[in-house]
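Whatever order the structure lists ligands and atoms in, that order sets their numbers, starting from 1. Below, all heavy atoms of this structure are taken into account, side chains as well, without hydrogens, waters or symmetry copies.
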Amino acid sequence: MDPFVYNANPGRVIFGGGTLSRLPAEVERLGLTRVLVLATPVQESYAQDIARRIGARSAGVFADARMHTPVEVTERAMAAVAAQHIDGLVAVGGGSTTGLAKAIALRTDLPQIVAPTTYAGSEMTPILGETQAGRKVTQSSPRILPEVVIYDVDLTFTLPVAQSVTSGINAIAHAVEALYTREANPLISMLAESAIAALAGGLPGIARNPTDREARTQALYGAWLAGICLGSVGMALHHKLCHTLGGLYDLPHAETHTAVLPHAVAYNRDAAPQAMRAVARAMKVDEPATGLYDLAASLGAKMALRDLGMPQRGIAEAAAVALSNPYWNPRPLEQAGIHSLLASAYDGTRP
Ligand code: NAD
């Protein structure tokens, strides 16, 4: 066995169906008396429901979370935090809402309780990406990590099938890269393999019936494990490329991950044989790259970056950005290989 470093992120996790009923007790356990509930405009009704559940300990709702955590939105939320003497945060939603809670916590160290409604996994990480003047800057701090996460399967039933699929593949991407990162360790690799198996097992059931409780439970469990992977070890080529593409062309987050992942895996295939065996085992396929492509495509995901709004010149531009700032990856970054990876993801061809 190779030597390794393992970082455990503290945090309390409550998992199951109907677990949101535990929220008032969790608010009380943290000693919070003036809680601000956060959501996106689309999920404002979730926030209102939560505020009702918390009762007198709720000080209001801020339902204006946006994708990519714009600093301008955080500043408006900070004004509400100050005006209402807020002493704790509850976030209900996907990575965008969690991002807002984290941005406020970074500035105030307020405790956070997060109830995730997608499979993005942000709730398990001490990482925050914020956008200002069109630039997304990522940082990590123990303040950013939520104190309590309540996974309630019931909150995920409304996530549309298309979004469930891409969000689930986004989670699989965390686990896949955790298997071949330079910081891989045996514990995280175990979680990563279980995460991929749970998500690959759950997503087809969700596509057949979005209210299939067993499939939803499996997927959310996989998302939790994948989130731990993302929060514990560094990522590699796939995440960097998606970050670059998202920043350059404002592409949708989970959809971009879905289109790129099979090609990033194909690129790394021969450089990370042990990780590839783990992915293949978890997915019950022979080839991880085609297995991932077939899973996503068969569940109706868009597989071409072109269809997500990336311009064709983006192939050369994103390759140039990647090569100008090379980072660690199991297979070193090579001009021709990266270019052809991006060209395949642009066209959405099967790897
Ligand atoms: P999202 O949070 O942007 O959600 C997309 C839309 O779907 C929103 O309008 C949301 O309100 C709605 N929605 C979410 N759950 C729903 C549900 N159950 N029912 C109905 N509608 C629902 O999407 P996301 O993919 O979860 O998050 C993406 C963002 O999270 C990106 O900004 C990404 O960078 C960030 N992220 C950060 C980390 C991290 O560790 N820092 C990890 C993953 C993602």
Side-chain angles (χ1 to χ4, degrees), residues 9 11 20 37-47 49-50 61-71 73-74 91-103 105-106 112 114-131 135-141 143-146 149 151-175 177-178 206 210-211 216 219-220 223-224 226-235 238-240 242-247 250-258 301 308:
N9 286 319
L20 203 58
V37 185
L38 309 172
T40 61
V42 175
Q43 288 181 288
E44 179 165 4
S45 63
Y46 292 59
D49 171 54
I50 281 183
V61 164
F62 182 93
D64 208 10
R66 307 272 160 178
M67 185 87 103
H68 305 309
T69 327
V71 170
V73 172
T74 302
V92 59
S96 296
T97 306
T98 305
L100 177 59
K102 288 171 152 186
L106 176 68
Q112 309 167 64
V114 176
T117 66
T118 71
Y119 306 130
S122 174
E123 64 283 352
M124 296 310 296
T125 82
I127 308 161
L128 168 67
E130 293 187 286
T131 316
R135 258 190 80 224
K136 190 159 179 177
V137 178
T138 300
Q139 57 185 311
S140 182
S141 156
R143 282 182 168 210
I144 294 172
L145 184 75
V149 177
Y151 287 105
D152 186 340
V153 176
D154 293 35
L155 289 174
T156 63
F157 287 144
T158 51
L159 188 66
V161 167
Q163 244 176 292
S164 301
V165 170
T166 54
S167 190
I169 304 281
N170 182 198
I172 289 179
H174 308 329
E177 292 228 303
I206 294 171
T211 58
R216 284 287 187 192
L220 192 60
W224 168 40
I228 300 175
C229 295
L230 178 68
S232 305
V233 295
M235 296 284 114
H238 168 77
H239 279 75
K240 305 277 181 167
C242 291
H243 187 90
T244 301
L245 291 166
D250 196 25
L251 304 185
H253 176 83
E255 290 86 338
T256 304
H257 273 265
T258 303
L308 301 178

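With a 4.0 Å cut-off on non-hydrogen atoms, Thr40 touches ligand 1 through its side chain and not its backbone. At a heavy-atom distance under 4.0 Å, no atom of Glu130 approaches ligand 1.
For ligand 1, the polar-atom distance check against Leu155 finds a nitrogen or oxygen pair separated by under 3.5 Å. Residue-to-ligand polar distances keep Thr97 apart from ligand 1: every N/O pair is separated by 3.5 Å or more. At least one N or O atom of Gln43 sits closer than 3.5 Å to an N or O atom of ligand 1. Considering both main-chain and side-chain atoms, Ser167 never comes within under 3.5 Å of ligand 1 through any nitrogen or oxygen pair. The shortest N or O to N or O distance between Thr125 and ligand 1 is under 3.5 Å. By the 3.5 Å distance cut-off applied to N or O atoms, Val42 is not counted among the residues near ligand 1. Remark: ligand 1 and Gly93 share no N or O pair separated by less than 3.5 Å (distance only, no angle test). An N or O contact shorter than 3.5 Å links Ser96 to ligand 1 by distance.
Shortest contact from atom 15 (N) of ligand 1 to any protein heavy atom: Thr117 OG1, 2.7 Å. The protein heavy-atom contact nearest to atom 43 (C) of ligand 1 is Ala120 O, 3.4 Å. Looking only at protein heavy atoms, the nearest one to atom 34 (O) of ligand 1 is Lys136 NZ, 2.8 Å. In this structure, atom 41 (N) of ligand 1 lies nearest to the protein heavy atom Ile127 O, 2.9 Å. Atom 20 (C) of ligand 1 has Thr158 O, 3.6 Å as its closest protein atom, hydrogens excluded (heavy atom only).
Of all atoms in ligand 1, listed by their number and element, those nearer than 4.0 Å to a heavy atom of Thr118 are 14 (C), 15 (N), 26 (O). Close approach of ligand 1 to Gln163 (heavy-atom distance below 4.0 Å) involves ligand atoms 5 (C), 6 (C), 7 (O), 12 (C). Below 4.0 Å from some heavy atom of Gly95 lie the following atoms of ligand 1, by number and element: 2 (O), 24 (P), 26 (O), 27 (O), 29 (C), 30 (O). Below 4.0 Å from some heavy atom of Gly94 lie the following atoms of ligand 1, by number and element: 2 (O), 26 (O). Heavy-atom contacts of His68 reach the following atoms of ligand 1: 32 (O) (cutoff under 4.0 Å). For ligand 1, the atoms closer than 4.0 angstrom to any heavy atom of Leu230 are 40 (O), 42 (C).
Counting heavy atoms from C-beta on, the side chains of Val137 and Glu130 never come closer than 4.5 Å. Side-chain contact between Lys102 and Thr69 is absent, with no heavy-atom pair separated by less than 4.5 Å. Side-chain contact check for Thr97 versus Val92: every heavy-atom pair is 4.5 Å or farther apart. Counting heavy atoms from C-beta outward, Val165 and Thr258 have side chains that stay 4.5 Å or more apart. Side-chain atoms of Gln139 and Leu106, non-hydrogen and from C-beta on, do get closer than 4.5 Å to each other.
For the side chain to side chain contact (heavy atoms under 4.5 Å, CB included) test with Arg216, the passing option among Asp154, Leu159, Leu155 is Leu159; the others fail.
Within the structure, ligand 1 has Lys102 among the residues with a heavy atom less than 4.0 angstrom away. Within the structure, the closest approach of Tyr119 to ligand 1 does not fall below 4.0 Å when heavy atoms are considered.
The nearest non-hydrogen atom to atom 37 (C) of ligand 1, considering only Ser164, Ser140, Ala223, Ser122, comes from Ser122. Taking each of His174, His243, His253 in turn, the one with a heavy atom nearest to atom 31 (C) of ligand 1 proves to be His253.
With hydrogens and angles ignored, the 3.5 Å screen pairs no side-chain donor or acceptor of Glu255 with any backbone N or O of Leu308. Distance alone, capped at 3.5 Å, is enough to place a donor-acceptor pair between the Gln112 side chain and the Ile144 backbone.
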Notebook entry, point to check: Under the side chain to side chain contact (heavy atoms under 4.5 Å, CB included) criterion, do Asn9 and Ile228 qualify, and how do the steps go?
Noted result: CA-CA 8 Å; Asn9 286 319; Ile228 300 175; over 6 Å; no

Notebook entry, point to check: Given the rule in the side chain to side chain donor-acceptor pair (under 3.5 Å) test, do His253 and His68 qualify, once you have shown the distances and angles that lead to the verdict?
Noted result: CA-CA 9 Å; His253 176 83; His68 305 309; 5.7 Å; no

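Considering every non-hydrogen atom in both Ser167 and Ala120, the closest pair reads OG-N, 3.6 Å. Nearest heavy atom pair, residue Leu230 against residue Ile127, reads O-CD1, 3.8 Å. Cys229 and His174 make their closest contact through CB-O, 4.2 Å (heavy atoms, listed as atom of the first residue, atom of the second, distance). The minimum heavy-atom distance linking Tyr151 with Pro116 is given by the pair CE2-CG, 3.6 Å. Contact between Ile206 and Tyr119 at its shortest, heavy atoms only, is CD1-OH, 3.5 Å.
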